[in-house]
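Working notes for the structure below.
Naming: A, B, ... by sequence-line order, numbering from 1 per chain. As the structure is a computational prediction, the values presented were derived from the model and not from experiment.
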There are 2 protein chains.
Amino acid sequence: MSEVEIPLRDKILDISRDLLFEEGYKALSMRKIARKANVTATSIYLYFENKDHLLHTLIEESVEELSVFIEERALPQKEPLARFEAIIDGYVDFAVHFPEKYEVIYMVRPDAMARYPKEKFRKARRCYELLVETIQDGISHGVMDVDKPVTAAYSIWAQLHGIVSVVHNKRLDSRVDSEQFIQDSVEHVIQGFLTRASVT
Amino acid sequence: MSEVEIPLRDKILDISRDLLFEEGYKALSMRKIARKANVTATSIYLYFENKDHLLHTLIEESVEELSVFIEERALPQKEPLARFEAIIDGYVDFAVHFPEKYEVIYMVRPDAMARYPKEKFRKARRCYELLVETIQDGISHGVMDVDKPVTAAYSIWAQLHGIVSVVHNKRLDSRVDSEQFIQDSVEHVIQGFLTRASVT
DNA sequence: TAGGAGCAGTTAACACTGTTAACCTAATTA
DNA sequence: TAATTAGGTTAACAGTGTTAACTGCTCCTA
């Protein structure tokens, strides 16, 4: 078919991600994926235990990419404030530039996640722990004002996800520019955790 | 069967909500609902156009209850700060005390929502607008420090939802007490929007 | 060079899903 | 009494995830 033969496993993942993003979770079926890959549905089971595992693999892939994306931006920054901002910007930038990958992470509901191996969560935690450490650093440098870094980190992820969701789901007031909305919101999130002294 | 004959429509809604909460979205089927109601699957179609509409009704019901719950606590408060706290506490209390109703609101994914009539969103907006107004009030009273109330309100919902989700999905570190976590987080959310002068 | 192992895919089938069309029956109304 | 309607049923259709059993085909070894 194509010039370069893509291994079927990767082809299935690509097709699944596209279908998931375009038609949503409900419309995703093994047979539809197979049809797009010019293959029988049963062939998918040669590479994935079942539909859930296929989705988990997709999630895991995206989480890994998001983690790398954030770390690439954050780790070079040595100042706690700069690193803090880099983490947040990294998260939002990833969501804006790769919506189909970002959405996958949150698209599949926890009920399908029931069998999701606990250990896999660790990967998602890598960035979370980086954020916690950065906040702790910020506190000792006197630039951040937070009581409980662990709680604050949770709140920040939730806040960012909320901002991104509003834009992705097009729930924004039509008069509001989405670029501007994101920029303002992110700025607000950041400022909410700084000491008064360090506000620019 | 039962002493008091519950109308079938209500019975279907109750059974659906329970099944949805206990077994998740994926496991919810028309036939299973019908079986629990001692009725045929097709009977459900006498009261609901299809499965999506049944779920939409469930969501709408919960959104309405949440709105009433919040308004009951917030409207009596006339001071902007007290009302601000009442809205936030109301939201979290509802989520903690009626998890099966709260979860329904976020359980069904936007792809099933595609056909969800735009007008229905207004109801969800009632409390959102109350929050915006309260923030604006707080600003003019000099107790709140927010640039864009509209954006801030979005952020607050997202933040609260994130906090609640972590607890509901039992993703919390086993050493962390969930009651304490909620209390600390909420406090942190609130403090993030106050002027330094008004911090207790 | 023959034969077996194993890879990569297939076909056929099972039990289950949402949904529709056609039908029945008992109560209410004209 | 006759007609209509409300509230349910049965049977069927197309589509779903998943399994067991099969087919070619390539490669390694005796």
Summary of protein contacts for nucleotides 5-11 of chain C, nucleotide by nucleotide, where a base hit scores B, a sugar-phosphate-only hit scores S (4.0 Å, heavy atoms): ----BBB

Could you give the [atom1]-to-[atom2] distance, from [X] to [N], as a whole number of Å?
X        : N       : atom1 : atom2 : value
Arg35(B) : dT17(C) : CZ    : P     : 6 Å
Arg31(B) : dT20(C) : CZ    : P     : 13 Å
Met30(B) : dA14(D) : CE    : P     : 20 Å
Asp52(B) : dT19(C) : CG    : C1'   : 12 Å
Lys26(B) : dG18(C) : NZ    : P     : 13 Å
Lys11(B) : dG8(D)  : NZ    : P     : 9 Å
Tyr45(A) : dT16(D) : OH    : P     : 11 Å
His53(B) : dT19(C) : NE2   : P     : 11 Å

In residues 146-159 of chain A, what donor-acceptor pairs under 3.5 Å come from side-chain atoms, sequence neighbours left out?
| residue | atom | partner | partner atom | Å |
| --- | --- | --- | --- | --- |
| Lys148(A) | NZ | Asp184(B) | OD2 | 2.3 |
| Tyr154(A) | OH | Arg171(B) | O | 3.3 |
| Ser155(A) | OG | Thr151(A) | O | 3.3 |

Going by atom type alone, with no hydrogens or angles, which donor-acceptor pairs under 3.5 Å involve a side-chain atom of residues 74-81 of chain A and a protein atom two or more places apart or on another chain?
| residue | atom | partner | partner atom | Å |
| --- | --- | --- | --- | --- |
| Lys78(A) | NZ | Leu75(A) | O | 3.2 |

Sugar-phosphate, base or nothing in reach of Leu28(A), heavy atoms under 4.0 Å: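 Touches sugar-phosphate only.
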
Test item: Ser29(A) side-chain N/O and Lys32(A) main-chain N/O as donor-acceptor pair under 3.5 Å: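 Yes, Ser29(A) side chain to Lys32(A) backbone: donor-acceptor pair under 3.5 Å.
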
Main-chain N/O of Leu28(B) paired to Lys51(B) side chain as donor or acceptor, under 3.5 Å: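 Pair found, side chain donor or acceptor close to backbone of Leu28(B).
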
Tyr128(A) six-ring face occupied by Arg126(A) cation (under 6.0 Å, within 45°): no

Tyr102(B) and His161(B): side chain donor to acceptor below 3.5 Å: yes

